[in-house]
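Some notes on the structure that comes next.
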Amino acid sequence: MPVILGIESSCDDTAAAVIRDGKLLANIVAGQEVHKQWGGVIPELASRAHQQNIVPVIDQTLQQAGILPCEIDAIAFTRGPGLLGSLLVGASFAKGFALALGKPLIEVNHMHAHILAHFIDDGSAKENPEFPFLCLTVSGGHTQLVRVDDYKTFSILGETIDDAAGETFDKTAKILGLPYPGGPLVDKLAKEGNPNAYKFPIAQIPGLDFSFSGLKTSVLYFVRDEMEKDAAFLEKNISNVCASVQFTIVKTLLQRVEQAMAKTGLKQIALAGGVSANSGLRLSLQELGKKNNWKVFIPPFEYCTDNAAMIAMNGYFKFSKNDFVGQDIAPLARLTL
Ligand code: KG4
Ligand code: ZN
């Protein structure tokens with residue numbers, strides 16, 4: 001009955017979770033309001049906020065789980081990728097706590113954790129993907145098509161050569177004057193708009209890679225030109241712009257998914273990362289899955305964006321293989337898949 005404490009601090013969410021014998025007992029995420037006024041995450045402010053939040057978040061998580069520190073069997077933490085100052089807070093806390101409790105440490109790759117979030121067991125009835133499967137990981141920093149052969153064998157089949165899908169949502173929101181993080185707001189406004197109102201380009205690049213920087217630039221120039229003609233353009237048409245940009249991002253992503261599924265012959269496709277909360281992407285992938293007879297796995301909203309349940313879940317897999325690390329472990333901002 002291993003009890004795993006998971007700690008996540010790679011960007012601007014301080015999160016902790018407890019998994020006992022593979023079952024989620026508590027999962028707490030503290031966001032950071034401080035970045036809103038700057039229109040993006042300020043690394044220095046993020047690490048300071050983690051420093052303030054980490055002890056109360058872990059305290060509350062253990063209380064909610066009904067677990068005493070002495071009952072913890074291992075501590076799993078995010079080693080990277082992420083903002084170094086943010087990662088250092090979680091990693092240093094995990095190392096100190098493990099040392100004090102005399103328990104092993106488990107390092108977790110944040111991108112593996114997003115994918116393995118599909119295996120979180122919170123008591124709700126759901127089917128898990130079976131290895132091997134294809135995963136489209138779409139977050140603020142990453143856009144990757146990954147073949148997953150087991151809990152530690154991941155191969156990147158394609159990835160973005162410039163901006164990530166989440167970044168494209170957030171930058172579009174910024175151009176439209178919406179606050180950070182803009183992805184959920186673009187999604188909300190898109191529901192009231194026409195996805196075919198405006199046409200934006202889909203980058204034509206070889207292989208299974210993605211490119212979003214052209215789309216971002218084209219949205220910037222389009223809005224600038226329309227505003228020059230009519231200063232009230234955005235006021236009248238913001239929903240149509242959101243729906244059209246979202247349609248283009250989703251179409252770009254799903255084109256590659258279809259190609260990767262055909263190339264690998266896989267029949268299961270999973271979504272992971274913050275952008276998998278996008279309602280347009282969720283719906284379109286379900287429809288594409290039906291058309292192609294694939295099994296589609298979409299995580300519940302709370303496990304799409306950054307959370308520590310996914311870190312504890314990854315820790316649980318590693319615990320079963322005695323996959324521990326020593327106190328000399330250091331976080332890595334650019335840890336690869
Ligand atoms: O995985 P995540 O929480 O953090 C990273 O590891 O990056 O992803 C955050 C990203 C942000 O870019 C945010 O705008 C985007 O996910 N996001 C969304 C939605 N919810 C979150 N993008 C589009 N539609 C949403 N509903
Ligand atoms: Zn993430």
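Read the numbers this way: they start at 1 and go in the same order the structure lists the ligands and their atoms.
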- request: Verify whether the ring centers belonging to His112 and Phe154 lie closer than 6.0 Å.
  value: yes
- request: Kindly say whether the aromatic ring centers of Phe233 and Phe222 come within a distance under 6.0 Å.
  value: yes
- prompt: Take atom CD in Glu228; do more than 12 heavy atoms of anything else shown fall under 6.0 Å from it?
  reply: yes
- request: Would you mind counting protein N, O or S atoms that sit less than 2.8 Å from the Zn ion (ligand 2)?
  value: 3
Counting each atom of ligand 1 from 1 as listed, which ones have a heavy atom of [X] under 4.0 Å away?
| X | answer |
| --- | --- |
| Thr305 | 3 (O) |
| Gly166 | 12 (O) |
| Gly141 | 7 (O) |

message: By the definition side-chain contact (heavy atoms from CB on, under 4.5 Å), identify the one residue from Leu178, Thr248, Val245 that meets it with Thr172.
response: Val245
Tell me which protein heavy atom sits closest to [atom], plus the residue, atom name and distance to 0.1 Å.
| atom | answer |
| --- | --- |
| atom 17 (N) of ligand 1 | Gly274 O, 3.6 Å |
| atom 9 (C) of ligand 1 | Gly140 N, 3.8 Å |
| atom 22 (N) of ligand 1 | Gly183 CA, 3.5 Å |
| atom 15 (C) of ligand 1 | Val275 CG2, 4.0 Å |
| atom 24 (N) of ligand 1 | Asn278 ND2, 3.0 Å |
| atom 2 (P) of ligand 1 | Asp306 OD1, 3.4 Å |
| atom 26 (N) of ligand 1 | Asp187 OD2, 2.9 Å |

List, one per line, each side-chain donor-acceptor pair under 3.5 Å for residues 51-67, sequence neighbours excluded.
residue: Asn53; atom: ND2; partner: Ala49; partner atom: O; Å: 3.4
residue: Thr61; atom: OG1; partner: Val57; partner atom: O; Å: 2.6

Pairing residues for Lys126 by the side chain to side chain contact (heavy atoms under 4.5 Å, CB included) criterion, not counting sequence neighbours: Asn128
Indicate whether any N or O donor in one side chain lies under 3.5 Å from an N or O acceptor in the other, for [X] and [Y].
| X | Y | result |
| --- | --- | --- |
| Tyr303 | Asp122 | yes |
| Asp187 | Ser279 | yes |
| Thr78 | Glu8 | yes |

- prompt: Side chain, backbone, both or neither: which part of Asp170 comes within less than 4.0 Å of ligand 1 when only heavy atoms are counted?
  reply: side chain
query: At a non-hydrogen distance cut-off of under 4.0 Å, which region of His110 contacts ligand 1 (side chain, backbone, both, or neither)?
result: side chain
Heavy atom of [X], distance to ligand 1 below 4.0 Å:
| X | result |
| --- | --- |
| His114 | yes |
| Lys188 | no |
| Cys11 | no |

statement: ring-ring contact (aromatic ring centres under 6.0 Å, His included) filter on Phe119, not counting sequence neighbours, yields Phe131, Phe317
query: Side chains of Val257 and Ile269: closer than 4.5 Å at any heavy-atom pair?
result: yes
Any side-chain heavy-atom pair of Phe297 and Leu271 under 4.5 Å: no
- prompt: Is Lys291 salt-bridged to Glu258, cutoff N-O under 4.0 Å?
  reply: yes
